[in-house]
Structure formats: structure tokens, C-alpha cells
J.: 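I'd like to ask some things about the structure below.
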Number of protein chains: 2
Amino acid sequence: MSCSEEYTPQLRARGYRMTPQRHAILHVLCHSGIHLSPTQVYQQAVKELPDITETTVYRTLEFLAENGLAYPAHMGSGHLGYQIARNDHHHLVCRNCGKEMEVDHALVKSMYQKLESASGYKLTDSHVTFFGLCSNCK
Amino acid sequence: MSCSEEYTPQLRARGYRMTPQRHAILHVLCHSGIHLSPTQVYQQAVKELPDITETTVYRTLEFLAENGLAYPAHMGSGHLGYQIARNDHHHLVCRNCGKEMEVDHALVKSMYQKLESASGYKLTDSHVTFFGLCSNCK
DNA sequence: TTCCTTATTGCAACTTTTTGCAATAGTATG
DNA sequence: CATACTATTGCAAAAAGTTGCAATAAGGAA
């Protein structure tokens, strides 16, 4: 259940600490497959840990993203949502109805390689949001 | 020079209006190839049109994006920047130094087709930001 | 030109996100 | 167990972005 436990060693290994706040936030992310906005995370987390602040939620989400424990993803509005990091995948979201689906990284991999050789960049983020129209809306 | 003039008919054709505010904002975008944040746009635009407000800048940028006259793009922070819409291209930005380069849509096109047939979605946005490490930083 | 319709703007209040700094609390060491 | 080091948090204030609504003004019609 408490899937956040498994992250403790990952943090410790890098010199970071597992705190009640990080625990609560990881817990929230783990138990919600989908992307959550910082405000949504806060609203969930505050139930477990009444003293947590919005500031901490913002900072922790950014921290988790930097350390690869959470994926940040662009939501329609241009704001960021966060999701626990599991398998490499991307998102397709419908501009019309908002319907979201995951796409395996395998589909995108060859294009990444093409981009890398054309540009000289090394592509690090395998969690991109593409926008379009879903089968119902198009 | 006044490249914003050419957009008047595009707006009119859709029942929208060309106003001094839109004129100023388009002017700012035209004369800056790169992405600008709403605040940057405001700071430029206010020089030409001292009465313009931040509210209007935010709303206008969103309006221009919806109507295809400007491309919104995710900047490193996750915030949106805007750029005048010209050729279809994508962006590669370096997570380390922030260096940005444009990538022609042609490189991405076949992957778009693959995604479309795999998902049933029709991909509408041809202005995606990919993150990685540039040749110097990697 | 004048009038009319309604797209657009500005204002003000509000929500969301960020930042600096002092206080707190994990973790390691003696 | 006590101490020191510093990662992390909370607070308060600032900055950035959003929303509702009344006032304004662009463009078409008379």
C-alpha cells in the first residue's frame, strides 16, 4: 500500500531525506494514476497531514520531478500536472473534450533518435504531451 | 515593417477585430523571433501603448494562439511563452543551459502519423517543445 | 455621418505560484 | 546521548495569472 516507502532509499542515496511531507505527497501521487495539479495534490495531502502548506507542495513536486520520481506534464491550460513516475510514456490529450490517453515511448523512440542526430542534442525527457482531437471529436 | 497589418483581414474574416492592443502585441511578437513570456510581451507593448494592461496581454496572447496567429510553447519552467506563427516547427531546449533550437516539422511528421494510426487521434498541434541536453552540456 | 450591435478592454478582486529567510528537524559523528 | 551540519519546512510578502462585469469602441447598416 504505502508505495511511498520504496522511494526512501532512492532519496537517501542522493543525500536527500524522506520527510512526512514528501511521504504524503508521494502517497497521493501513487494512489492516483492520472496527473494532478499542485492544488489537487495539496487538497489530498492536507487530509493526511493537516499542517502541510501549499508552498511545500509546489516545492516538493518540483523536487520530485527533478529527481525523476514524478513526471511533470503539460495540461491543456499550459499549467503543469504531476504523476508518479512509472513506465516511460507520453500523453495524447484532446483539445476538444480533454480526453487523455497514454502512448508508449516505443512509438516515439525512433523519432527521438532522428531528432538527436539532426540536432546534436541528447533528449532527456520521455514524457511529452501531444495535443490533438480524439476519435470522437475529430 | 508593420507586419501586424497583414493579420487584420484574417481576424476580420472570422468576425474579430483589429484593435490597437492586438496591433501592438502582434508587433512585439513579429519583431522578436523567439518566445516571449506574457510579462515580456507586456513590457514591450506598454512602450508603444502606455494604457495597455496585463490582463489584455494575457487574454490577447491566448486569443492569438487559439486562432493560429501565435504559437504557445512550454518554456523550461513549465510556463507558456508565445511566438508569432510562421513555419511549422518544434523546439528543443536544453535543460542545463536553456539553449533553444528550432526543428522542422518534417523530422517529426512520420512519428505523428504513427501516433495517429496507433491512437485514433488527429494531432493538431505542430509546435511541441522537447527537452534534452545540448551538444555542449551533455 | 449617425446609430446599433457586440467584440474587446480596463478595473478590481481573487486565485495560483514563487521567493527570501528564519526556524525546524533528519542524519552522521564523536 | 549530545553536537553539528545542512536539507527541509513554514511563514509572510510579492509576483504572476485569472475572472466577472460594466464601460468602451470597432465595424456594419441606415
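What's counted below: heavy atoms across the whole structure, side chains too, no hydrogens, waters or symmetry copies. Throughout, protein chains are lettered first and strands after them, A, B, ... in sequence-line order, and every chain is numbered starting at 1.
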J.: Roughly, in whole Å, what's the span from CG in L61(A) to P in dT16(C)?
T.: 15 Å
J.: Pick out which of H90(B), H105(B), H74(B), H91(B) makes a ring-ring contact (aromatic ring centres under 6.0 Å, His included) with H127(B).
T.: H91(B)
J.: Do the side-chain N and O atoms of H31(A) and Q44(A) include a donor-acceptor pair separated by under 3.5 angstrom?
T.: no
J.: Report yes if some heavy atom in the side chain of K114(A) is under 4.5 Å from a heavy atom in the side chain of S110(B); otherwise report no.
T.: yes
J.: Rounded to whole angstroms, how far apart are NE2 on H23(B) and P on dT8(C)?
T.: 16 Å
J.: Please state how far atom CZ in R22(A) lies from atom C1' in dG26(C), giving the value in whole angstrom units.
T.: 11 Å
J.: Each nucleotide in nucleotides 17-30 of chain D should get exactly one letter: B, S or -. Can you fill that in based on protein heavy atoms under 4.0 Å?
T.: BBBB-----BSS--
J.: Roughly, in whole Å, what's the span from CG in L64(B) to P in dT8(C)?
T.: 11 Å
J.: Would you indicate whether the side-chain heavy atoms of I84(A) and Y7(A) approach each other to under 4.5 Å?
T.: yes
J.: Take atom CZ of F63(A) and atom C1' of dT17(C), then tell me their distance rounded to the nearest Å.
T.: 20 Å
J.: Quickly work out the D51(A) CG to dA23(C) C1' distance and round it to whole Å.
T.: 15 Å
J.: For F131(B) and L123(A), run side-chain contact (heavy atoms from CB on, under 4.5 Å): C-alpha distance rounded to whole Å, both residues' side-chain angles, the deciding distance at 0.1 Å, then the answer.
T.: CA-CA 6 Å; F131(B) 293 95; L123(A) 295 186; over 6 Å; no
J.: Figure out the CZ/P separation between R14(A) and dT8(D), and round it to whole Å.
T.: 12 Å
J.: Do Y42(B) and I52(B) come close enough that some side-chain heavy atom pair is under 4.5 Å?
T.: yes
